[in-house]
Amino acid sequence: MLPTRLEEGKDPAAIATLRVTHSRQYPLRLLQFFLLFLIIGIAGSFLSMYMVRHFGIHNVAFVQSSSRKPCFQRPAVVENWFKAPSSLLHSMNDAELFWRASFSPRIQSYPFKRTPKIAFMFFKGHEKLYSIYVHSLPSYNADFPPSSVFYRRQIPSQVAEWGMMSMCDAERRLLANALLDISNEWFVLLSEACIPLHNFSIVYRYLSRSRYSFMGAFDEPGPYGRGRYEENMKPEINLSDWRKGSQWFEINRELAVRVVEDSTYYPKLRDFCVPHKCYVDEHYFQTMLTINTPQLLANRSVTYVDWSRGGAHPATFGKNDIKEEFFKKILQNQTCLYNNQPTSLCFLFARKFAPNALGPLLDLAPKVLGIGNSSHF
C-alpha cells in the first residue's frame with residue numbers, strides 16, 4: 001500500500017509547477033507596488049520644484065483644523081530686523097554684540113517707512129527723532145522714574161578707566177547697542193557734564209543736513225601728537241597716518257559700523273598706546289577713520305571744550321561762570337566750515353559743567369539758549 005494517494009485526475013508535475021508560479025508572482029507584485037510609490041514620489045518632487053520656481057511656494061501642507069486659516073502666510077521676518085529692541089538689556093558679550101551690530105544693508109532705500117533718529121541724550125519732547133543710551137558703572141543703580149528720558153536706557157556696561165582702552169570699549173559698546181535700532185542714523189557721544197547749546201530742532205537740522213561727520217582728527221607735531229606714536233604700530237598705522245582729536249564726536253551710521261567692526265587697528269592701539277605716554281581715546285577712532293574715510297570727516301567737533309587753562313583736563317565751569325557773556329563767547333565769536341561754507345554756528349554742545357551750575361543754567365536757558373524750560377535737559 002502506498003504512503004499517500006494522488007488526487008484523482010491531477011498530475012503531480014502540474015501541481016508542482018502551479019505552486020512555483022504562485023510563489024514568483026508575490027515578489028513581482030511587491031516590486032510593482034514599490035515602483036508605483038517611487039514614481040509618485042518623483043512626480044511630487046518635480047511638482048514641488050516647479051511651484052517653488054514659478055510661484056514662490058516653499059511648503060504645501062494639509063492640516064485638518066476646525067477653523068479656517070490662510071493656506072500661505074508671510075512670516076514676520078523683515079519686521080524683526082528694523083524694529084527697535086524692546087529692552088536695552090541683553091546677554092550678549094562684546095564680541096557677539098559687535099558682530100550683530102556690524103550688519104549693514106547695502107541697498108540704500110528701505111522697504112518700510114524709516115524716520116532717521118539721533119542717538120544721544122538730554123532732550124525731551126521729540127521722542128520719535130532721538131534715542132538715548134547710557135553707559136554707566138555696572139554697580140550704578142539707575143533709579144529713574146518712568147517719566148524720565150533716562151528710564152530703562154542703561155545698556156549692559158563694564159568698568160571704563162580713564163586713558164585706557166576700556167574707555168574706547170565703552171564707546172564702541174554704546175555705538176553697537178545704538179546700531180541695533182536701524183532708525184538711528186547719527187550718533188553723538190556726550191557725558192553727564194555736557195549741555196545742549198541750542199534747541200532740538202536746530203540740533204537735528206544741523207546734523208541731518210551735514211555731508212560730514214564731526215570728529216576732530218589733526219596731525220599734531222610735538223610730544224603730545226606725533227610724539228605719542230609707536231613704531232610697533234606699523235604696518236597698519238604709519239606715522240603719517242597718526243591723528244589726534246577730541247573724544248567727543250558725532251558720526252553717521254556708516255562710520256559707526258566701521259568703528260564697531262574694526263579688528264585691524266584695535267590691537268595696535270590697545271598694545272602700544274598706553275598711559276601715561278599715550279591716551280587712546282584721543283587717537284584710536286581719529287586715526288582709523290582718517291585712514292579709511294577721510295573724505296567723510298569735517299575734522300572738527302561740535303562739542304565746545306575749553307583747554308585754555310592748561311593741564312591734563314579741560315576747564316570745569318561752575319555756577320560763577322554761567323553768565324550771558326560766557327555763552328556769547330561760545331555762540332557768537334566762532335567761525336568754522338559747514339558743508340564747505342563758512343558759518344558762525346560751530347558748536348551744538350558744551351562741556352565741562354559742574355553740578356552746581358545747573359541752577360543758573362536753567363535760569364538762562366530760555367533767554368540765551370532758546371530752550372523753553374527744564375524739561376529739555
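Note that the numbering runs from 1 along the sequence shown for the chain. Source: prediction; values computed, not measured.
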CD of E254 to CD of E185, rounded to nearest 0.5 Å, is 9.5 Å
Can a side-chain donor-acceptor contact be found between N184 and Y133 if the only test is distance below 3.5 angstrom? yes
Could you tell me how the ring of F144 sits relative to the ring of F150: parallel (under 30°), tilted (30 to 60°) or perpendicular (over 60°)? tilted
Less than 3.5 Å apart, any donor N or O on the side chain of K117 or S131 sitting next to an acceptor on the other? yes
Taking the six-membered ring for Trp, are F249 and F187 ring centroids under 6.0 Å apart? no
Rounding to 0.5 Å, atoms CG (L289) and CG (L255) come to a distance of 5.5 Å
Above 12 or not: heavy atoms from other molecules or residues under 6.0 Å from NZ of K329? no
Taking it one step at a time, do E220 and R243 satisfy salt bridge (charged side-chain N to carboxylate O under 4.0 Å, His left out)? CA-CA 7 Å; E220 182 179 313; R243 293 295 184 271; over 6 Å; no
Quick one: pull up CG in L197 and SG in C346 and give me the separation to the nearest 0.5 Å. 11.5 Å
Is E282 salt-bridged to R228, going by a charged N under 4.0 Å from an acidic O? yes
For C273, which of E230, M233, K268 qualifies under side-chain contact (heavy atoms from CB on, under 4.5 Å)? M233
Could you pull out all donor-acceptor pairs under 3.5 Å where a side-chain atom in residues 314-328 meets a protein atom, sequence neighbours excluded?
from: D321; atom 1: OD2; to: G318; atom 2: N; distance (Å): 2.9
from: K323; atom 1: NZ; to: N320; atom 2: O; distance (Å): 2.3
from: E324; atom 1: OE2; to: K367; atom 2: NZ; distance (Å): 2.8

Parallel, tilted or perpendicular, judged at 30° and 60°: which one describes the rings of Y266 and Y284? perpendicular
For D241 and I291, indicate whether the former's side chain and the latter's backbone hold a donor-acceptor pair under 3.5 Å. no
Hey, is K234 close enough to E231 for a salt bridge, meaning N to O under 4.0 Å? yes
Distance (rounded to the nearest 0.5 Å) between H283 NE2 and Y279 OH: 10.0 Å
If we ignore hydrogens and angles and just use 3.5 Å, is the side chain of R300 paired with the main-chain N or O of L337 as donor and acceptor? yes
When you compare the side chains of N177 and H90, does any donor N or O come within less than 3.5 Å of an acceptor on the partner? yes
In Å, rounded to the nearest 0.5 Å, how long is the span from CG of D219 to NZ of K244? 12.0 Å
With S208, which residues qualify under side chain to side chain contact (heavy atoms under 4.5 Å, CB included), at least two apart? W186, Y204
